[in-house]
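Okay, structure first, notes after.
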Amino acid sequence: MRVSNLFGKTLKEIPAEADSISHQLLVRAGMIQQIAAGIYSYFPLGWLVLKKIEQIIREEMDTAGGQELMLPAIQPFELWEKSGRYPSFGKALFTTIDRKEHKLVFGPTHEEVITDVVRRHVQSYRDLPLLLYQIQDKFRDEPRPRGGLLRVREFIMKDLYSFHANAESLDKTYQKMIQAYKNVFARCGLPSVMVEADSGAIGGKESHEFMLIAETGEDEVIYCSTCDYAANVEKACIAKTKIEIKPQLPIEEISTPNIKTISDVAGFVSVSTSQTLKAVFYSADGELVFAVIRGDLNINEVKLKNLLKATELRLATETEVKAAGLVAGSASPVGLQGMKIVADNSITIGSNFVVGANKPDMHLKNVNYPRDFNVDIIADIATARPGDICTKCNGELLAQQGIEVGHIFKLGIFLSERLGASFLDQDGISRPIIMGCYGIGVGRLLAAAVEQNHDEKGIIWPLAIAPYQIYLCALNMDNPDVAEAAERLYHDLGNANLEVLFDDREESAGVKFNDADLVGIPLRLTISPRTLKNQSVEIKWRREKQSELLPLQQELTDKIKELVSKHRKG
RNA sequence: CGGGGUGUAGCGCAGUGGCUAGCGCGCAUGGUUUGGGACCAUGAGGUCGGUGGUUCAAAUCCACUCACCCCGACCA
């Protein structure tokens, strides 16, 4: 492709709307353009990258036994009523009504449709297992799209759905997909980490996410400094520090004027925060819930939400708290009635706690569970933090920001049961099909690649997903010798099946070099009167500072081809 | 949905009631340049987000409204 013909212009200035690095660079490089909040067009350079990522994904899915198909973007709302997932998607589910007043959904994902497809075609265990995938546009009416391509409403996603006669078969495929995902990210040249994950609205039991580590990531990854444990903070478990259990002392009421926070209370009574209990109030689908946890820990709202099987969980408002007769800052599970109490299991690790007294400016000392209060549910609802202890090996946990680019789930049978997808087993008994699903956000992966690979000049594409492998930069195109040598090289490189973006514009060297750096093509070749004087071309990798001269001769294209393939392997 | 912000040329911005709405980038034409975003000259390009109001007079003041961005809520 010649730059003089390429659709899409580079920009010198940072677009006002773009905040994240990847958004700024992708717009400045002329790769994407926003048309509405969270809705983008892909221009040729951006689309080329996307197609390369898609191709790598396709090859890995095919290798893993997947078959690609295409599913409708618009789906009947009834499918979502049947699956029962309508409430958990809530307003993100984008619906419309056709001329016959029939309610339709723009697919936010395709489990419902694919299950319906499979339901009609699978009758026997002999038809299983089955791995079907699609790469296409989906739409979620996100409350707040942000960060350019990092969180959009219309997005391209690869989803593979697997169908099984038994759990072993699902396990086998799940492992295969883990390997396929690792291959995909490795082949893209993007280091990834796999972490244990919460399965969220999608449902299901076991679930893992694939993250690209980047400072700007929205997700927090907790990982162990010594073993291989890694989990999304939403899911991560910690070994709660043991505290010596002392003989239980009688409860004592103490005056604590104007003392509300845990650290103030602990300081006032001269105990560590781990000898206090913290109370937090939530509204779970409208019901007030009293959550209690040891004072040195924080509540993990995702764990709490899952535990309560709540669709909506938020902190209770001040008004709601007052109306329930609770005293913020001095609340206590002791003597509390008329509301659900959920406790973190840390309240059993410790003794003689300091808690609120349910009276203003008063606290209680020496409170012990279960001697002094009862709870409705006791479970792990604590948030992991860096510095906490790993449950697997007692190592120290650390945290990093990551961008979620893939998520895989063992769905089980809840969808196939609800949608009536069953098969006859060897004994002629009808059973629900066991399912798994495996997604990759293709556009987000592209953006995450930029977040991970850039410098102050622009993007630095990994070779495997770069829109072109080579940026051929001809300086002084009005010089016939330059023009001729550049045209010949462009032609030869093309014949050697190298992907070349040929900057044939009559622009100054600075403009061309800056554009080359901005667009981020891995290898730059420069031809100019200066290089021709030496019968050579200049060659420079985008990631490196140094350039070198290669002699302009017959073997040049072979030499470049070799460099490119060596770079790809290295 | 709550809080904050921004809408003026393709892009980035200036313009707080008064003449024909400006500047930079980009674009067009001509010329001089030519290894890290060159220079000179000339030129094209505007429903000032929209609607309604106040006024002799509105990009500018008021009301409503729409869009976009940021923080939070939310989020495979």
Side-chain angles (χ1 to χ4, degrees), chain A residues 8-20 23-24 27-28 30 33-39 85 88-93 108-111 138 140-148 150-153 155 157-159 195 197-204 207-211 218-219 232 234-235 283 301-302 305 311-315 317 403-411 436-441 444 456-458 473-479 482 503 505-518 524 526-533 537-538 540 545 547 549:
Chain A
K9 267 183 193 151
T10 56
L11 302 175
K12 276 187 200 171
E13 284 172 295
I14 298 172
E17 320 258 83
D19 211 48
S20 72
H23 191 189
Q24 293 175 0
V27 172
R28 286 188 53 211
Q33 191 175 78
Q34 187 179 66
I35 187 85
I39 304 179
R85 295 204 301 170
S88 56
F89 268 87
K91 283 186 179 167
L93 198 63
T109 179
H110 287 73
E111 281 87 16
K138 314 204 175 194
R140 290 177 199 175
D141 199 2
E142 295 283 348
R144 187 149 92 83
R146 68 181 98 176
L150 288 170
R151 172 163 231 92
V152 291
R153 293 193 293 171
F155 59 101
M157 187 166 190
K158 184 285 301 181
D159 243 343
V195 304
D198 176 62
S199 58
I202 200 94
S207 166
H208 288 87
E209 286 167 338
F210 290 80
M211 301 272 191
E218 281 186 305
D219 285 293
N232 190 314
E234 294 176 348
K235 172 86 176 179
S283 166
E301 296 186 3
V302 174
K305 184 175 169 180
T311 303
E312 196 210 324
L313 181 80
R314 58 171 172 80
L315 283 171
T317 62
I403 301 167
E404 179 195 352
V405 290
H407 200 157
I408 62 176
F409 305 80
K410 286 186 183 175
L411 290 178
C437 74
Y438 319 83
I440 294 180
R444 184 185 280 181
E456 67 286 350
K457 287 290 209 174
C473 203
L475 305 183
N476 301 68
M477 274 299 280
D478 53 344
N479 175 324
V482 169
D503 195 343
R505 295 173 300 171
E506 299 200 6
E507 289 285 354
S508 69
V511 169
K512 293 189 175 195
F513 288 155
N514 278 299
D515 276 351
D517 288 344
L518 176 58
R524 190 183 80 195
T526 306
I527 292 188
S528 71
R530 193 190 285 185
T531 68
L532 287 183
K533 221 177 266 176
V537 301
E538 182 194 85
K540 180 184 171 296
K545 284 209 171 94
S547 61
L549 290 178

Worksheet item: How close do A:Arg151 and A:Arg144 get, heavy atom to heavy atom, and via which atoms?
Response: CD-O, 3.7 Å
Worksheet item: Say you pick atom C1' in B:G45 and the same atom in B:A9; how far apart are they, in whole Å?
Response: 6 Å
Practice prompt. Taking all non-hydrogen atoms of both residues into account, name the closest pair between A:Glu234 and A:Asp198 and its distance.
Written response: OE1-CB, 3.8 Å
Worksheet item: Is it the case that A:Arg140 places NZ or CZ above or below the six-membered ring of A:Phe89, under 6.0 angstrom from the centre and within 45 degrees of the axis?
Response: no
Check the interface with nucleotides 27-33 of chain B: list each N/O to N/O pair with the protein under 3.5 Å, or write none.
none

Practice prompt. Side chain of A:Arg151 only, please: which of B:G35, B:C75, B:C11 is the nearest?
Written response: B:C75
Discussion item. Just the rounded figure in Å: distance from C1' of B:U34 to CG of A:Leu532.
Written reply: 15 Å
Discussion item. Rounded to whole Å, how long is the line connecting atom CG of A:Leu150 with atom C1' of B:C74?
Written reply: 17 Å
Worksheet item: So does A:Glu538 pair up with A:Lys540, basic N to acidic O under 4.0 Å?
Response: no
Worksheet entry | Approximate separation, where rounding is to 0.5 Å, of A:Gln24 CD and A:Leu11 CG | 11.5 Å
Worksheet item: Please give, in whole Å, the distance from B:G36 P to A:Lys545 NZ?
Response: 17 Å
Practice prompt. Between B:G12 and B:U16, how far apart are the C1' atoms? Round to whole Å, please.
Written response: 22 Å
Worksheet item: For the atom pair OG1 (A:Thr10) and CG (A:Asn514), what is the distance rounded to the nearest 0.5 Å?
Response: 9.0 Å
Worksheet item: Mind checking the P distance from B:G46 to B:U8? Whole angstroms is fine.
Response: 15 Å
Practice prompt. Take atom C1' in B:U51 and the same atom in B:A14, then report the distance between them in whole Å.
Written response: 27 Å
Provide a list of protein-nucleic acid N or O atom pairs under 3.5 angstrom, restricted to nucleotides 37-40 of chain B.
from  : atom 1 : to       : atom 2 : distance (Å)
B:G37 : O4'    : A:Asn514 : ND2    : 3.2
B:G37 : O6     : A:Arg28  : NH2    : 3.2
B:G37 : N2     : A:Asp515 : OD1    : 3.1
B:A38 : OP2    : A:Ser508 : OG     : 3.2

Worksheet entry | Separation of atom CG in A:Leu549 from atom P in B:G35, rounded to whole Å | 15 Å
Worksheet item: With a 4.0 Å cut-off, would you call A:Glu111 and A:Arg85 a salt bridge?
Response: yes
Worksheet entry | Distance in angstrom units between A:Phe155 CZ and B:C75 P, rounded | 15 Å
Fill in: Whole-Å distance separating the CD atom of A:Glu142 from the P atom of B:G72
15 Å
Item to complete: For B:C13 versus B:G17, give the span between their C1' atoms, rounded off to a whole number of Å.
Response: 23 Å
Practice prompt. Mind checking the CD-CG spacing from A:Glu209 to A:Asp219? Nearest 0.5 Å is all I need.
Written response: 6.0 Å
Discussion item. I need the NE2-P distance between A:His407 and B:C75, as an integer number of Å.
Written reply: 14 Å
Quick one: which protein N/O atoms are closer than 3.5 Å to N/O atoms of nucleotides 66-71 of chain B? Pair and distance per line, please.
from  : atom 1 : to       : atom 2 : distance (Å)
B:C68 : OP1    : A:Ala37  : N      : 3.0
B:C68 : O2'    : A:Glu17  : OE1    : 3.0
B:C68 : O2'    : A:Glu17  : OE2    : 2.5
B:C69 : OP1    : A:Gln34  : NE2    : 3.1
B:C71 : OP2    : A:Arg144 : NH1    : 3.0
B:C71 : OP2    : A:Arg144 : NH2    : 2.5

Item to complete: Please state the C1' separation for the pair B:A67 and B:A57 - nearest whole angstrom.
Response: 30 Å
Practice prompt. Counting heavy atoms from C-beta on, name the nucleotide in B:C74, B:G35, B:C75 closest to the side chain of A:Pro143.
Written response: B:C74
Item to complete: Mind checking the CZ-OG1 spacing from A:Phe513 to A:Thr526? Nearest 0.5 Å is all I need.
Response: 4.0 Å
Item to complete: For B:C25 and B:U60, measure between their C1' atoms and round to the nearest Å.
Response: 26 Å
Worksheet item: Of all heavy-atom pairs between A:Pro108 and A:Phe155, which one has the smallest distance, and what is that distance?
Response: O-CZ, 3.9 Å
Practice prompt. Measure from CG on A:Asn476 to C1' on B:U34 and round the result to the nearest Å.
Written response: 5 Å
Item to complete: For B:C61 and B:U42, measure between their P atoms and round to the nearest Å.
Response: 35 Å
